[in-house]
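This report concerns only the one structure given below.
Below, chain A is the first sequence line, B the second, and so on; all start at residue 1.
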Amino acid sequence: MSDSTSGRRPLAPRGEAARSLTPPLADARPAAVRPESAADAAPLRVGAGTKSRRGAEDPAIVRWTLIALAFLAMTILVVIPLANVFYEAFAKGVGTYWDNLYNDPDTLSAIFMTLKVAPMAVALNVVFGFAAAWAIARFRFPGRALLTSLIDLPFAVSPVVAGLLFVLLFGLQGLFGQWLREVDVKIIFAWPGLVLATTFVTFPIVARELIPLMEATGSDEEVAAVSLGARWWQLLSRVTLPNVKWGILYGVILCNARAMGEFGAVAVVSGRITGQTDTMPLRVEKLFQEYNLPGAFAVASVLTLLALITLVIKVTLEWRTRRELEEASRLRTLRSEA
Amino acid sequence: MSITAKNIVKRFGSFTALDDVTLEVGGGQLVAVLGPSGSGKSTLLRIIAGLELPDSGTVLYHDEEVTDSHVRERNVGFVFQHYALFRHMNVFENIAFGLRVRRWPKDKVEHRVNELIQLVQLEGLGRSLPSQLSGGQRQRVALARALAPSPKVLLLDEPFGALDAKVRTELRQWLRRLHEEIHVTSVFVTHDQEEAFEVADQVVIMNHGKIEQVGEPGEIFEHPANPFVMDFLGDVNVFHGRVEGGRVMLGDLAVDYPDQPHQEGRTAKAFVRSHELEIARSWNGRGSALKAEVVQVNPSRGVVKIRLISADFGLALNVDVAWDRFADLRLSVGDHVYVAPRRVRVFVEDYAI
Amino acid sequence: MLDVNRRILPGFGLSLGYTLLYMNLLVLIPITVLAVKASQLSWPEFSEAVFNERAIAAYQLTMGASFLAALVNLVIGLLIAWVLVRYRFPGKQIFDALVDLPFALPTAVAGLVYSSLYVKKGWLGQFLVPLGFQGSYSRTAVVLVLIFVSFPFVVRTVQPVIEDLDADVEEAAACLGANRLQTFTRVILPTILSALITGFALAFARAIGEYGSVVFVSGNMPYKTEIAPVLVVSNLEAFQYKQAAAVAVALLVLSFSALLAINVLERWSRRRYV
C-alpha cells in the first residue's frame, strides 16, 4: 500500500483528481522564476502543420500518424461500443425501447432499487470520507500512514470477494446468519446487503478525493477561525465545507457512478430475485441471459447516459477547481511580489 | 568558426521578439549578449542554435548557411539555465550521450568522457547521478556534455542564472579560463552585466528586440552609445536639463559641453556615474557645484556608497567614495556638502518626437 | 504544526474514532472473517479448493488475460497520453473526457456491448470473424473486455508525467545530435518508465478482480474461458462457503502482491531520480 500523504496516489481508481490538482500547481511558479525562453511566449503550434525543427517537437508525419493511431484506438475501444449501446437499444424502434423500460415492471423495480441503494452508499461514504480526511489531513497521530493506506484496501478486493465477505457475515450460513433469522432481519438477498456491498466497493473514493484536497488547502484558515472564536459548527459551515465543497461534489459524482454500476459485489449478495433485489446492472445481465437483447440494451443505454452525464459533470468540476487553484496561486504570487 | 546572424526577425503572435537583428561573432571569441528580460536575447541564441526558426533572416556558421538545417545537424553545444541534465543517467552517461548517439566506439567514448571530466574538474564523480550534485557541479556536467562532441560553437543560455552568488563568480572565472584553453566560438546570454563584462571579449547589449550596442567591455563602459545603455549599466545619476552654447545647464550646475555649440537650447539628459561625482566639504568656486545633504552612508566592498539629497534641485544622488577619501572627508548623516561631476555624458533628446 | 492542531481544532477524537469504527465494521472485520472461514479448511481441503485443475486453469486465464490486457494498455495508454499532452487537434477536450468512460460506465454495460460487437454479425465481428479473430466467447474476448475496463489507468498515470517533462531536456538531446527516436528511447522513456510501470500494475490489478464485464463475453466455460472470480461464485452457488472463501483468499493474495509490487517499484524509482 502506499502512503498517500506523499502526494502520489497509485491506487486511485481514476487518476483524475491527481491530474486536476497537479498541473495548475506545477504552473504556479511565479513568472519571474521561469527561464526567459521563447517557448513561454510561443503559442503551441504543434498541430498547425508548420515545419517544425524545435528540438522538442515531433516531425509532422510522426505527429499525424500518432494522432491517427490514437483516434483509431479510441474509436475501437470506446466510441464504437458507446454508439453500439444506443444503436442496439433503439434497433426495434422508439416504441419498443420505451416498452422495454417503462412497461416492464421488473426493469422498473431494478431502476428504483438502484436509485435507492446508490444514494445510501454515497451518503455513508461521504460522511466517512469527510471524517477520515479531517482526521488524516488535520492531525498527526501514530499509525496515520497505515490508516491512509488501509483506506485503499477495498480497491484491491475483487468485487466478487467483496460480496462474499458479507455473505459470510450475514448469510444464512454466515457468522450472524442464525441470529439474524431469529430477529427476522434480512440483509443478504435484500436491499441492506446491496447497500453494504456497494458501500464496501466504493468505500475509498470520497476519502481519496478529500484527503489530498484538505492537505493542499491547509489548516491556516481553520486555525484562524478558531482563534477568532468560531465554534465547531461555525468552523464547519463557514470555513471547512466551503473550501472543500467542490471536492466533496467530485467525490460524490465518482462514488455515485461506481455505486450505480457495481455488478460483481451486488450479484453475490442480491440472490438475483427478479423484481425484488435486482439493480440495473443485474437486470441487464438477466435480460441478456433471457436473450432479450433489446431489453438489456435499453437498460444499458440508461446506465450509459448516466455515465456520460457523470463525465460531463466531472469535466466541469475539474475545470472549475483548476481555475480556482490558478486564481489562488496568482493571488499568492501577487502577495509575495508585493 | 564565426557566426553571423543577418536581419533576423522573430514574432510570437503580436509580440516582436527580434526586430531585424544582425550580429557577427568572430571565430574563437567569447561574446556576451546582455539585456533585460524580454529583450529577445534568449530568442536570438535559440535561433542561432536552431532551436527556434526565424520568421526571416539568415544564420551563417563561418560562410555556410545553416538557417534551414536542423539543430541536430548543426553541431552546437547548448547549455541551459536549468542544466537540462538527463536525470536517469549518471555524469559519465550524460557526457557520453552526444557521442553514443553518434555511434562512437566504446573505447573512444570512454577516453573522451574522461578527458572532459578532467577538464571540468569532476574527477571521481562519473558514477554520480545529477540529483547528487550541487548546482555548480551540475552546470559543469552540462558544459562537459555540450563540449563532448567537439561542437563548432558553444551557446550558453543564462548559464549561471540558477546558481547562488558565490558559485556564480567562481564559475564565470572558470568559464573564462576554460575558453582560453579551448577557444571554441561561444555566445552566452545573461542579464547580469558584471558577468558579461568580466567574462566576455565582446558584449552585445539588447533591448526590445534590437541591438543597442556592440563592443568590448571597456569601450561600452567608457562610451555608452545611448541613454538606454548608460541607464542599463546602472550606478548612474540622471540629470534633466538643457544644452545651449556649448554648456549643459542642470539647474545650478553648469558643465562645459563642447559637442553642442549651437545657441538654441535643447532638452537633454545628463548621466553621471556614481564614482564620477566628487564630494567636498567646501567649494572654491572653480566650476559649479551642487549643495546637498548626506542622508545615508553605506560602507561596501571597495567603496562607501553615499546617498545625498540636493534640496534646491529636488534630486537624490548616489555617490561612490573611495575608502581613503571617505576617511579624509569624515562624512556622516546630516552633513552639508558640495557635489560636482568629474565627467558628464549628455544625450540630447530628439526633436523628432 | 499538525500536532498543535490537536489542541486548536475540534473533532480529532470524533473523526478518528468514527473513521476507525467504520473501517473496522465495513472492511477489516469482514476480511478477517473471510480469512477465518478459509482457515477452517484442512490443508488438503484448502489445497483441493484452491489448486484443483479447474481453478488453476482459471488463475492462468485471469493472470494471463490481465497481463496481456495491461500490456496492450501500456502501448495504447502511452500513445494516447502522448497525443493528448503534446499535440493539438480538433475535439481534444472530448477525446480527453472520453478516456474516462471505462471508469464511469458500469462493467455490465461494457460486457453487454462487447458481447455484441465481436460476434459474427456484430459491428466489428463481421470483419474480424472471417479473418479467424474470435472476439466473443473466447479467451480473446476476455482480453478485449479487460483492455476496455482497465484502459484509463496507464493514460491517467502517464499523462501528468509527460506534462511535467522538461522541454529543455529534449532540446538538449537534439543539440547533442540525437534524432527524435533516440531522444524518445534514451531520454523520455526512462523518465516516464516508473509512471508506465505504475499504470501497468494498476491496470493489471484492476483486471485481476474484474468480474462483471467478463461474465458477459467469456461464456464461462470451465478450463477454457472461466476466470477466477467466477470460481468464487460457482462455489458459492454450490453452498461451498469455505471453498469460496479459500479461492477468495487466493485472489486477495494475488491482487495484494500486485499492489505491493507497485509500491516497491514506486519507491525504488522515486529514490533513484529525485
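- Interface remark: C:A244 contributes backbone and side-chain atoms alike to the contact with chain A (heavy atom separation under 4.5 Å).
- With a threshold of 4.5 angstrom between heavy atoms, C:V264 does not approach chain A through any atom at all.
- When heavy atoms are compared at a cutoff of 4.5 Å, C:L26 approaches chain A by way of both its backbone and its side chain.
- Considering only heavy-atom pairs separated by less than 4.5 Å from chain A, the leading option among C:Y22, C:Y211, C:F151 is C:Y22.
- Ranked by heavy-atom pairs under 4.5 Å with chain C, the first of A:V268, A:L172, A:V223, A:V299 is A:V223.
- For chain A, the option among C:V27, C:L34, C:L254 with the highest count of heavy-atom pairs below 4.5 Å is C:V27.
- Within the 4.5 Å cutoff, side-chain heavy atoms of C:L9 are placed close to those of A:S219.
- If you take CZ on C:R88 and CZ on A:R63, they are separated by 12.5 Å, rounding to the nearest 0.5 Å.
- One finds the CG atom of A:L150 at 9.0 Å from the CG atom of C:N24 (value rounded to the nearest 0.5 Å).
- Both the backbone and the side chain of A:A83 come within contact range of chain C, judged by heavy atoms closer than 4.5 Å.
- Expressed to the nearest 0.5 Å, how far OG1 of A:T304 lies from CG of C:L105 amounts to 5.0 Å.
- With a 4.5 Å cut-off on non-hydrogen atoms, A:V157 touches chain C through its backbone and its side chain both.
- Only the side chain of A:V226 comes within less than 4.5 Å of a heavy atom in chain C; its backbone stays farther off.
- Contact annotation for A:L236: neither backbone nor side-chain heavy atoms come within less than 4.5 Å of a heavy atom of chain C.
- Your options are C:F184, C:W82, C:F216, and the one with the most heavy-atom pairs under 4.5 Å with chain A is C:F216.
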Evaluate the criterion side-chain contact (heavy atoms from CB on, under 4.5 Å) for residue pair C:V83 and A:F71; output intermediate values, then yes/no. CA-CA 10 Å; C:V83 165; A:F71 265 92; over 6 Å; no

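- For the atom pair C:I208 CD1 and A:S158 OG, the distance stands at 9.5 Å (nearest 0.5 Å).
- Pairing each heavy atom of C:P30 with each of A:L165, the nearest pair is O-CD2, 3.4 Å.
- Residues C:Y18 and A:F128 place their aromatic rings such that the two centres sit no closer than 6.0 Å.
- Both the backbone and the side chain of A:L147 come within contact range of chain C, each with at least one heavy atom under 4.5 Å from a heavy atom of that chain.
- A:N84 and C:Y114 form no side-chain donor-acceptor contact under 3.5 Å, judged by distance and modelled atom types alone.
- Closest approach of A:L77 to C:F148, counting heavy atoms only: O-CD1, 3.1 Å.
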Is there a side-chain contact (heavy atoms from CB on, under 4.5 Å) between A:W134 and C:L16 once you walk through the steps? CA-CA 8 Å; A:W134 183 257; C:L16 184 61; over 6 Å; no

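- The shortest distance between side-chain heavy atoms of A:P81 and C:L117 falls below 4.5 Å.
- Comparing C:G199, C:S116, C:S255 by heavy-atom pairs within less than 4.5 Å of chain A, the highest count is held by C:S116.
- Not a single donor-acceptor pair under 3.5 Å links the side chain of A:R258 to the backbone N or O of C:A104.
- Ranked by non-hydrogen atom pairs under 4.5 Å with chain A, the options C:L28, C:I29, C:V113 are led by C:V113.
- Only the side chain of C:S115 comes within contact range of chain A, with heavy atoms under 4.5 Å apart.
- For A:F297, the parts lying under 4.5 angstrom from a heavy atom of chain C are both the backbone and the side chain.
- With a 4.5 Å cut-off on non-hydrogen atoms, A:I80 touches chain C through its backbone and its side chain both.
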side-chain contact (heavy atoms from CB on, under 4.5 Å) for C:L236 and A:V160? Distances and angles first, verdict last. CA-CA 10 Å; C:L236 207 54; A:V160 173; over 6 Å; no

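- The candidate from C:L14, C:L21, C:I8, C:L112 with the greatest count of non-hydrogen atom pairs under 4.5 Å with chain A is C:L112.
- Contact annotation for A:V127: both backbone and side-chain heavy atoms come within less than 4.5 Å of a heavy atom of chain C.
- Residue C:A108 comes nearest to A:V284 through the heavy atom pair O-CG1, 4.4 Å, listed as atom of the first residue, atom of the second, then distance.
- Only the side chain of A:E88 comes within less than 4.5 Å of a heavy atom of chain C; its backbone N, CA, C and O stay farther away.
- Within the model, atoms CG of A:D58 and CZ of C:R180 stand 4.0 Å from one another, a figure rounded to the nearest 0.5 Å.
- With a 4.5 Å cut-off on non-hydrogen atoms, A:A73 touches chain C through its side chain but not through its backbone.
- Ranked by heavy-atom pairs under 4.5 Å with chain C, the first of A:T310, A:L282, A:T199, A:L311 is A:L311.
- Contact of the C:T19 side chain with the A:I136 side chain is not registered, since no non-hydrogen atoms from C-beta on lie closer than 4.5 Å.
- For a residue to count as touching a neighbouring chain, one of its non-hydrogen atoms must lie under 4.5 Å from one of that chain's; by this rule A:L124 touches chain C with backbone and side chain alike.
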Passes side-chain contact (heavy atoms from CB on, under 4.5 Å), C:D100 versus A:V315? Steps please. CA-CA 10 Å; C:D100 284 330; A:V315 169; over 6 Å; no

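- At a 4.5 Å heavy-atom cutoff, the contact between A:I76 and chain C is made by backbone and side-chain atoms alike.
- Interface remark: of the candidates A:A70, A:G261, A:P281, A:A70 forms the most heavy-atom pairs closer than 4.5 Å to chain C.
- The shortest heavy-atom contact between C:K37 and A:Q173 is NZ-O, 3.9 Å.
- Neither the backbone nor the side chain of C:A173 comes within contact range of chain A, judged by heavy atoms closer than 4.5 Å.
- In this structure, the separation between CG on C:L98 and CE on A:M74 is 5.0 Å, given to the nearest 0.5 Å.
- Side chain of C:N5 to main chain of A:R138: a donor-acceptor pair is present (N/O by atom type, distance under 3.5 Å, no hydrogens or angles).
- Both the backbone and the side chain of A:L66 come within contact range of chain C, each with at least one heavy atom under 4.5 Å from a heavy atom of that chain.
- Enclosure of atom CD in A:Q289 by more than 12 non-hydrogen atoms of other residues, nucleotides or ligands within 6.0 angstrom is indicated.
- Heavy atoms closer than 4.5 Å to chain A are found in both the backbone and the side chain of C:P10.
- For a residue to count as touching a neighbouring chain, one of its non-hydrogen atoms must lie under 4.5 Å from one of that chain's; by this rule A:F203 touches chain C with the side chain only.
- Contacts with chain C were tallied for A:F288, A:W232, A:F200, A:F166; A:F288 has the most, counting heavy-atom pairs under 4.5 Å.
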